[in-house]
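For reference, the structure discussed in these notes is given below.
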Amino acid sequence: MKYFITFEGGEGSGKSTQATLLSRSLSKVKEKNILTREPGGTIFSEKIRRLLVNKNKYDISSDTELLLIYASRHEHLREKVIPSLKKKTVICDRFIHSTLSYQINIKNFRQKINFVHKNFAYNLNPDLTFLLDISPEEGIKRSLRIKKSETRFEEKSKNFHIKVRNTLLTLSKKDKKILKIDASQSKKTVHYSIIDHINSKSFFKKLIPYSV
């Protein structure tokens, strides 16, 4: 099995950009990899994504949201991630740590997430996670500069985003597989930190070059 690497962070933290740069760096040394995201990653899962992240008129419950996330995740893992890991490194924009941080309004959320993750997500956990940390104010400001329809979470309260950030930071302190990086730095500096960490741990038994 190859490595499963995930990127986490609040809105506007630069996850998608850094995941893409890592994919390019691996490709430079012919390290086979795929780049994917959650919610989404497959045709069916992307349909569910639109329900979850686009601004819409539906007022769904927190439990319904969690079940939709795991319906999307199950198909994504079954169809794409698990088969790919046999031969390729999989780089994923968001995964379990986002669920643990964003679904904090669910009653007994940790027990429910643990149950569905074990039974409907193959109990899969990342080999390495990069947490791109940025203040909610700066992150949302960055995110809203991009014209897009996926603004449902950006429009949530400041207090919600503070809770998300604090939960992600708490998770990073408990898990040695999570590396926290200051995402307020330049794109280049963040990318260098990611590649330097991977090389320092000899993940691929060869040096991975920078792609910017």
What's the spacing between [X] [atom1] and [Y] [atom2] if we round to 0.5 Å?
{"X": "L179", "Y": "S193", "atom1": "CG", "atom2": "OG", "value": "8.0 Å"}
{"X": "T42", "Y": "R37", "atom1": "OG1", "atom2": "CZ", "value": "11.0 Å"}
{"X": "T6", "Y": "D93", "atom1": "OG1", "atom2": "CG", "value": "9.5 Å"}

Any donor-acceptor pair under 3.5 Å linking the side chain of S172 with the backbone of L169?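 Such a contact is found between S172 side chain and L169 backbone.
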
If we ignore hydrogens and angles and just use 3.5 Å, is the side chain of R49 paired with the main-chain N or O of P39 as donor and acceptor?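 Here the side-chain-to-backbone pair exists.
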
Sequence neighbours left out, what pairs pass salt bridge (charged side-chain N to carboxylate O under 4.0 Å, His left out) with at least one residue falling in [range]?
{"range": "residues 19-32", "result": "K2-E31, E31-K206"}
{"range": "residues 170-198", "result": "none"}
{"range": "residues 107-135", "result": "D63-K112, D133-R165"}
{"range": "residues 72-81", "result": "E38-R73, E75-R78"}

For T89, give me all partners under side-chain hydrogen bond (donor to acceptor under 3.5 Å, both in side chains), at least two apart in sequence or on another chain.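 If we apply the side-chain hydrogen bond (donor to acceptor under 3.5 Å, both in side chains) test to T89, skipping adjacent residues, there are no hits.
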
Applying side-chain hydrogen bond (donor to acceptor under 3.5 Å, both in side chains), can you list everything that pairs with Q18, at least two apart in sequence or on another chain?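 Applying side-chain hydrogen bond (donor to acceptor under 3.5 Å, both in side chains) to Q18 gives none.
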
Heavy-atom pair of closest approach, residues I96 and N125: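 Shortest heavy-atom separation between I96 and N125 comes out as CG2-OD1, 4.0 Å.
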
What's the shortest heavy-atom distance between V29 and I208, and which atoms?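 Between these two residues, the closest heavy atoms are CG2-CD1, 3.7 Å.
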
State which residues pass salt bridge (charged side-chain N to carboxylate O under 4.0 Å, His left out) with K86; sequence neighbours excluded, sorted by chain then number.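 Salt bridge (charged side-chain N to carboxylate O under 4.0 Å, His left out) list for K86, sorted by chain: empty.
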
Verify whether one side chain among [X] and [Y] offers a donor that lies under 3.5 Å from an acceptor in the other.
{"X": "T189", "Y": "S186", "value": "yes"}
{"X": "S211", "Y": "H191", "value": "yes"}
{"X": "T64", "Y": "S61", "value": "yes"}

What pairs meet the ring pair (Phe, Tyr, Trp, His ring centres under 6.0 Å) rule with one or both residues in residues 5-24, with sequence neighbours excluded?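 Output for this query lists F7-F130.
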
Please identify each residue that fulfils ring-ring contact (aromatic ring centres under 6.0 Å, His included) with [X], with sequence neighbours left out.
{"X": "Y210", "result": "Y192"}
{"X": "F120", "result": "none"}
{"X": "F109", "result": "none"}
{"X": "Y122", "result": "H74"}

Pick one: which of R142, R145, K141, R94 meets salt bridge (Lys or Arg N to Asp or Glu O under 4.0 Å) with E11?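 The option that passes is R94.
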
Are F44 and H76 near enough that their ring centres are under 6.0 Å apart?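 No; H76 has its ring centre 6.0 Å or more from that of F44.
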
Any K163 side-chain heavy atom under 4.5 Å of N159 side chain: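 Yes, their side chains come closer than 4.5 Å.
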
Connected via hydrophobic side-chain network under 4.5 Å: I194 and F4: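 No, separate clusters.
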
